[in-house]
Amino acid sequence: MNISILDDYHDTLRTLGCFGKLAGHDVTIWNDHVQDVDALAERLKDAKALVLIRERTQIRAPLLERLPGLRLISQRSLYPHIDVPACTRLGIIVSSSQHADTPSYAAAELTFGLILAAMRQIPQQMNALKAGNWQIGVGNTLRGKTLGIYGYGRIGSVVAGYGKAFGLDVLVWAREASLMCARADGYAVASSKHAFFEACDVVSLHMRLVESTRGIVTAGDLARMKPTALLVNTSRAPLIEPGALANALRSGRPGMAAVDVYEEEPLRDPDYPLLQMENVVCTPHIGYVTRDEYEIQFTDIFEQIVAYANGAPINVVNPEVLGHARPAP
């Protein structure tokens, strides 16, 4: 079966142990990022199965309608970048493991790394040292401060545990069901959203981006934060009201930010507002980008392809397509 893999920036996938699951298939890997429909249609014209790396490429109806040979899209986690109704209409199966019991420890570790980096000014101090300067400022200790976890799910709960290990007081705000889990795990929960943002020295966002969470962090929320506080976002940029974070940082509340996610990715504009601010630590959406995490994720993704090739697709998110799916090659 012809399989195409998009956006493998560093040509990593063929070096993974799980890549052997695709033995016997004709695999084409693209290492650059392309969103142009014409270019993608040309690249994918022979593909029977398409592998996506998270949300790097948007797969919408104008592209899908030009891929009559495509039978399967295989990926992992949520799929806001895929036009699932169009796939269903065209007979294309979408398989995506939701990995309910496997948090991304890679993302949780990066989150805490960003907290440390921002609070201790690690990137700024390093850049100053490289420029011939010595100690450009005074950082902040974490122990005894309040770490706010906004969204207590698979990743948020792990970050809360890291915070506890560092001697932080953990405070949680989330949906009621998640607050119950946080209480059961021994963490304090805020009395309100307003109280949460006012109390925390660090606020870390850990929510999925769905319609109900888009813009859930408002300019008003950020204005309630302390001038010494840090906002961390390793989840999705649109969780924050458009433009609100940059404006809040200019106003001095919060005093710092650390972000791994952006409204449009890949971000290649050096004039992007957050990149111009000395009180912001930015990384290029690397939360899940580790060899260990890739091995976990692509084991699932490649097993979905094997299952389809064996005539028994798994993790199908549009099961109504099964009655009229395009015939297997």
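Computation of the quantities below employed the complete heavy-atom set of this structure, encompassing side-chain atoms and omitting hydrogens, waters and symmetry-equivalent molecules. By convention here, the first residue in the shown sequence is residue 1. Quick caveat: nothing in here was measured; it's all calculated off a predicted structure.
- Once rounded to the nearest 0.5 Å, the distance linking OG1 of Thr234 with NE2 of His206 reads 5.0 Å.
- With rounding to the nearest 0.5 angstrom, the CG atom of Asn2 is 12.5 Å from the CG atom of Leu50.
- Side chain to side chain, Arg291 and Thr15 meet the donor-acceptor criterion of an N or O pair below 3.5 Å.
- By the 4.0 Å N-to-carboxylate-O rule, Arg66 lies too far from Glu42 to be salt-bridged with it.
- Counting non-hydrogen atoms of neighbouring residues, nucleotides and ligands closer than 6.0 angstrom, the CD atom of Glu320 exceeds 12 such neighbours.
- With sequence neighbours excluded, the residues forming a side-chain hydrogen bond (donor to acceptor under 3.5 Å, both in side chains) with Lys21 are Glu303, listed by chain and number.
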| task | Could you give me the CA-CA distance, side-chain angles and deciding distance for Trp134 and Leu129, then say whether side chain to side chain contact (heavy atoms under 4.5 Å, CB included) is met? | result | CA-CA 6 Å; Trp134 185 255; Leu129 188 62; 3.6 Å; yes
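- Annotation: Glu65, atom CD; neighbour count of heavy atoms from other residues, nucleotides and ligands within 6.0 Å is above 12.
- For His285 (side chain) and Arg236 (main-chain N/O), no donor-acceptor pair under 3.5 Å exists by modelled atom type.
- Remark: of the listed residues Leu267, Ile240, Leu239, Asn233, Asn233 is the sole one forming a side-chain contact (heavy atoms from CB on, under 4.5 Å) with Val261.
- Closest approach of Leu222 and Val217 over heavy atoms only: CD2-CG1, 3.8 Å.
- Annotation: cation-pi geometry not satisfied between Arg76 and Tyr288 (NZ/CZ under 6.0 angstrom from ring centroid, within 45° of ring axis).
- In the displayed structure, His324 atom NE2 is contacted under 6.0 Å by more than 12 heavy atoms of other residues, nucleotides or ligands.
- To the nearest 0.5 angstrom, Asn279 atom CG is 10.5 Å from Arg250 atom CZ.
- Within a 6.0 Å radius of OH in Tyr105, no more than 12 heavy atoms belonging to other residues, nucleotides or ligands are found.
- For the pair Ser96 and Gln98, the tightest heavy-atom approach, listed with the atom from each and the gap, is O-NE2, 3.1 Å.
- Pro313 is listed as a side-chain neighbour of Leu322, based on a closest heavy-atom distance under 4.5 Å.
- The cluster map of Ile, Leu, Val, Met, Phe, Trp and Tyr, joined by side-chain heavy atoms under 4.5 Å apart, puts Met1 and Phe19 in the same cluster.
- Between Arg43 and Asp32, at least one side-chain nitrogen of the basic residue sits less than 4.0 Å from a carboxylate oxygen of the acidic one, meeting the salt-bridge criterion.
- Summarising the geometry of Thr111 relative to Ser204, their closest heavy-atom pair is CG2-OG, 3.2 Å, with the distance given to 0.1 Å.
- Under the 4.5 Å side-chain heavy-atom criterion for grouping Ile, Leu, Val, Met, Phe, Trp and Tyr, Leu13 is not connected to Ile73 through any hydrophobic cluster.
- Taking each heavy atom of Lys145 and Met119 in turn, the nearest pair found is CD-CE, 4.0 Å.
- Side-chain N or O atoms of Thr283 include none that pairs as donor or acceptor with a backbone N or O of Ile286 at under 3.5 Å.
- Counting heavy atoms from C-beta on, the side chains of Leu6 and Leu40 come closer than 4.5 Å.
- Within the 4.5 Å cutoff, the side chain of Leu230 has no heavy atoms near those of the Pro254 side chain.
- Summarising the local packing, CZ of Arg54 is surrounded by more than 12 heavy atoms from other residues, nucleotides or ligands at distances under 6.0 Å.
- A donor-acceptor pair is defined here as one N or O able to donate and one able to accept, closer than 3.5 Å; no such pair exists between the side chain of Ser178 and the backbone of Gly153.
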| Going through the checks in order, is the side chain to side chain contact (heavy atoms under 4.5 Å, CB included) test met by Trp173 and Phe197? | CA-CA 9 Å; Trp173 186 246; Phe197 278 95; 5.8 Å; no
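- Here Thr141 contributes atom OG1 and Asp201 contributes atom CG; the two are 11.5 Å apart, rounded to the nearest 0.5 Å.
- Here the OG atom belonging to Ser191 is positioned 9.0 Å from the CD atom belonging to Glu198, to the nearest 0.5 angstrom.
- By the 6.0 Å contact criterion, NZ on Lys193 is enclosed, its count of non-hydrogen atoms from other residues, nucleotides or ligands being greater than 12.
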| query | Yes or no on side chain to side chain contact (heavy atoms under 4.5 Å, CB included) for Val189 and Arg183, after CA distance, side-chain angles and deciding distance? | reply | CA-CA 7 Å; Val189 303; Arg183 291 188 189 100; 3.5 Å; yes
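- Not one N or O on the side chain of Gln58 forms a donor-acceptor pair closer than 3.5 Å with the backbone of Gln35.
- Between the side chain of Asn315 and the backbone N or O of Ser95 there is no donor-acceptor pair closer than 3.5 Å.
- For the pair Ile59/Tyr79, no side-chain contact is recorded, criterion being any heavy-atom separation below 4.5 Å from C-beta on.
- Under the 3.5 Å distance criterion, with hydrogens and angles disregarded, no donor-acceptor pair is assigned to the side chains of Tyr272 and Glu264.
- Following chains of ILVMFWY side-chain contacts shorter than 4.5 Å, one can reach Ile92 starting from Leu63, so the two form part of one hydrophobic cluster.
- Between the side chain of Asp36 and the backbone N or O of Asp38, at least one donor-acceptor pair lies under 3.5 Å.
- Between Val84 and Thr88, some side-chain heavy-atom pair lies under the 4.5 Å cut-off.
- Nearest heavy-atom pair, Thr299 versus Cys18, reported as atom, atom and distance to 0.1 Å: OG1-CB, 3.4 Å.
- Distance check, rounded to the nearest 0.5 Å: CD1 of Ile29 to CZ of Arg14 gives 3.5 Å.
- Proximity of a side-chain donor or acceptor of Lys226 to a complementary backbone N or O of Ala199 within less than 3.5 Å is detected.
- Leu179 and Val203 fall within the same hydrophobic cluster, where Ile, Leu, Val, Met, Phe, Trp and Tyr residues are linked whenever their side-chain heavy atoms come under 4.5 Å apart, directly or through other members.
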| query | Run the side chain to side chain donor-acceptor pair (under 3.5 Å) check on Glu241 and Thr218 step by step: do they pass? | reply | CA-CA 5 Å; Glu241 183 182 320; Thr218 67; 4.7 Å; no
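- In this structure, Arg326 contributes its side chain and Pro68 its backbone to a donor-acceptor pair below 3.5 Å.
- Applying the 4.5 Å side-chain rule to ILVMFWY residues, one finds that Ile122 remains a lone member of its cluster.
- In this structure, the side chains of Asp169 and Leu171 stay at 4.5 Å or more apart for every pair of heavy atoms.
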| message | Working note: Val51 + Phe298, criterion side chain to side chain contact (heavy atoms under 4.5 Å, CB included); need CA distance, chi angles, decisive distance, verdict. | response | CA-CA 9 Å; Val51 171; Phe298 285 95; 3.9 Å; yes
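- Cluster annotation: Ile305 is not connected to Leu52 through the hydrophobic network of ILVMFWY side chains, with a link wherever side-chain heavy atoms come within less than 4.5 Å.
- Annotation for Arg60: atom CZ counts as buried by contact number, over 12 foreign heavy atoms lying within 6.0 Å.
- Checked by atom type and distance alone, the side chain of Thr213 never pairs as donor or acceptor with a backbone atom of Ile216 at under 3.5 Å.
- The nearest pair of heavy atoms linking Val232 to Val202 is CG2-CG1, 4.1 Å.
- Side-chain contact check for Cys282 versus Tyr262: some heavy-atom pair is nearer than 4.5 Å.
- Side chain of Glu295 to main chain of Leu16: no donor-acceptor pair is present (N/O by atom type, distance under 3.5 Å, no hydrogens or angles).
- Counting heavy atoms from C-beta on, the side chains of Ser104 and Arg154 never come closer than 4.5 Å.
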